[in-house]
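Here's the structure, in C-alpha cells; my notes come after.
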Amino acid sequence: MRIFAIETSADETAAAIVEDGTKILSNIVASSMNLHEKTGGIIPEIAAREQIKYIIPVLEEAIERAIKLSSNLPTDRQGRVNNSNHSISQSLNILISNHIDAIAVTIGPGLIGSLLVGVETAKTIAFVTKKPIVPVNHVLAHIYANFLHFNNIYHHSEIQFPAIALVVSGGHTELFLMKSQNQLKWLGGTRDDAAGEAFDKTARLLGLGFPGGPAIAAEAAKYQISNIKYQKVKLPRPMMREDNLDFSFSGLKAAVMREINKLKSMNKWTNKTVMQFAFEIQEAITDVLVEKTLRAAKQYKVKSILLGGGVAANSRLHEKFSVLSSQFSVALHVPPAQLCTDNAAYIASFAYFNYKPIHWSQIQAQPSLSVEV
Ligand code: KG4
Ligand code: ZN
C-alpha cells in the first residue's frame, strides 16, 4: 500500500510517499528555518506564508520522485515526469489516482496557520481523487521514523515489543509505552518547556543560532576537543530523581540566565565560557532524558527503546543511551538524523500502521491536539 503524506505543522513543508509503512519512495522537505534565525524561534505568521509558497512544488516533487523510482515513466533532466500534454494539476491528479492508495496528513499539534495549509491541501486532493484520507497526530508519528528505510541503505533489525518510545522535539518531550506497532500509551511528558525548546532558548541566551540544538551540540563538541580547564559551570538536572515519568526544563533556562549574568558582572564572560555552557546544557538535558527513559524501560520491562523527534538527532544523547541500554540489555533504535527532524515519511508510516481513514469533510486542523493517548 502506498501512502502519500503531507506534513506542515511548523516551519517545514513536507511531502512523502511510503510503501507499506516502511519503504520510502520519496521524502521532500522545504524549510523556512533560515527566516526565523534572527528571532531565535519560529514566527507563526511567516511560517504559514512560507507553507503556502512551498506546498505545491513540494508535493509535486514528492510524487514525481516516487514514480521515477518505482516505474520507467519518461522524465526530463530535472527528474520530472514528462507529461507535457497535461497541466500540472491534471498530471498530479492522474499520478495520484494511478499510483497512490491513500492520503495522510498531520492535523496537529502545531501552529494553526501552518497546519491549515497542509490539511486543506490534503482534503482537496482526497476530494478530487476520491482517495481515503487518514488524520495523523504529529507527535505520535515521530516514533514511526524507526520503521522507515530507504531501499537497502538503512535497515534496522526487527523492533521487539514492548518498547518505550521517547519523543523529543521542539514542542514536546513525551514518553510512551508501545505494546505493538499500533498500541501506544502515554506515560508522561514535560510540564513546561520541551527539551528542544530548552536547547533553543538557552542557545539564544548564549548568542548561538536557531535551531539551538545543533548549535549547542557544535559548541559542546568544540569544548570537548579543546580540553581547556576554566571555572566549571554546574546546571541543575530538573526532576531527574523524582519518582515519576514527567519532565521540566524551564528551570534550566532560568539557571543559565542567572549564571551568565553572574559571570558577566564579574567580567568573566568569554568565548570559552560559551563553549563550556553549551557543553553543560547538553549534559544536563541528555542526563535527564536518559535517566527518565531508562526508569520507564525498567518499570515496564521492555525489550526496546525507540527515539524520535529533532533532539533524537543529538549524538551525545545516542552515546549515553547506547552505554546504558547495553548494560540493561535493551535494544536501542535511533532513526537517521534526517528522519528524526520533521518530515512526512513518518506521517505516512504512522497512517499505515494505524490505518483509520475518515471522510475528508471530517478532517480538521487541531493545533492543541493531545498526545495523552
Ligand atoms: O522534531 P523537530 O524537527 O520539530 C518539532 O516537531 O518541533 O524538532 C526540532 C527541535 C528543535 O528544538 C531543535 O533545536 C532540536 O529539535 N534539534 C536538536 C538537534 N537537531 C535538532 N537538538 C539537539 N541536538 C541536535 N543535533
Ligand atoms: Zn516534529
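Everything quoted here is computed from the prediction, not taken from an experiment. Remember, it's 1-based here, ligands and their atoms both numbered in the order they're listed.
Between Lys292 and Met240 there is no side-chain heavy-atom pair separated by less than 4.5 Å. Looking only at side-chain heavy atoms (C-beta outward), Leu307 and Ile305 come within less than 4.5 Å of each other.
Side-chain atoms of Thr106 never come within 3.5 Å of backbone atoms of Glu7 as a donor-acceptor pair (strictly under, hydrogens ignored). A donor-acceptor distance shorter than 3.5 angstrom exists from the side chain of Gln51 to the backbone of Glu12, with no hydrogens or angles considered. At distances below 3.5 Å, at least one donor-acceptor pair connects side-chain atoms of Lys131 with backbone N or O atoms of Ile100. In this structure a side-chain-to-backbone donor-acceptor pair under 3.5 Å is missing from Lys123 to Gln364. A donor-acceptor distance shorter than 3.5 angstrom exists from the side chain of His318 to the backbone of Ala312, with no hydrogens or angles considered. In terms of modelled atom types and a separation under 3.5 Å, the side chain of Ser9 and the main chain of Gly110 share no donor-acceptor contact. A distance-only check finds a donor-acceptor pair linking the side chain of Ser304 to the backbone of Gln160 [under 3.5 Å].
A donor and an acceptor atom, one from each side chain of Asp192 and Ser248, are located under 3.5 Å apart.
Scanning all heavy atoms of the two residues, the minimum distance from Val134 to Ile363 falls at C-CD1, 4.5 Å.
Counting the atoms of ligand 1 from 1 in the order shown, those under 4.0 Å from a heavy atom of Ala313 are 26 (N). Atoms of ligand 1 lying under 4.0 Å from any heavy atom of Gly171, numbered from 1 in the order shown and given with element: 7 (O). Residue-ligand proximity, Thr341 to ligand 1, at heavy-atom distances under 4.0 Å covers atoms 3 (O).
Considering backbone and side-chain N/O of Gly310, one or more are found under 3.5 Å from N/O of ligand 1. Note: an N/O pair closer than 3.5 Å links Gly196 and ligand 1 by distance alone. Not one N or O of Glu197 is nearer than 3.5 Å to an N or O of ligand 1, by distance alone. The shortest N or O to N or O distance between Pro211 and ligand 1 is not under 3.5 Å.
Here the protein heavy atom with the shortest distance to atom 14 (O) of ligand 1 is Asp200 OD1, 2.7 Å. Residue, atom and distance of the protein heavy atom nearest to atom 22 (N) of ligand 1 are Gly213 CA, 3.2 Å. Atom 24 (N) of ligand 1 has its closest protein heavy atom at Asn314 ND2, 3.0 Å. In this structure, atom 2 (P) of ligand 1 lies nearest to the protein heavy atom Asp342 OD1, 3.4 Å. Looking at atom 9 (C) of ligand 1, its nearest protein heavy atom turns out to be Gly170 N, 3.7 Å.
Within the structure, ligand 1 lacks Gln282 among the residues with a heavy atom less than 4.0 angstrom away. Heavy atoms of His138 come nearer than 4.0 angstrom to ligand 1 in at least one pair. Within the structure, the closest approach of Gly212 to ligand 1 falls below 4.0 Å when heavy atoms are considered.
Contacts between His142 and ligand 1 below 4.0 angstrom, taking non-hydrogen atoms only, involve the side chain exclusively.
Only protein N, O or S atoms were considered, and those under 2.8 Å from the Zn ion (ligand 2) are His138 NE2, His142 NE2, Asp342 OD1.
To the nearest 0.5 Å, atoms OG (Ser265) and CD1 (Ile260) are separated by 12.0 Å. Atoms CG and CD1, from Asp101 and Ile17 in turn, are 10.5 Å apart once rounded to the nearest 0.5 Å.
Every residue meeting the ring-ring contact (aromatic ring centres under 6.0 Å, His included) condition with Phe277, not counting sequence neighbours, appears here in chain and number order: Trp269.
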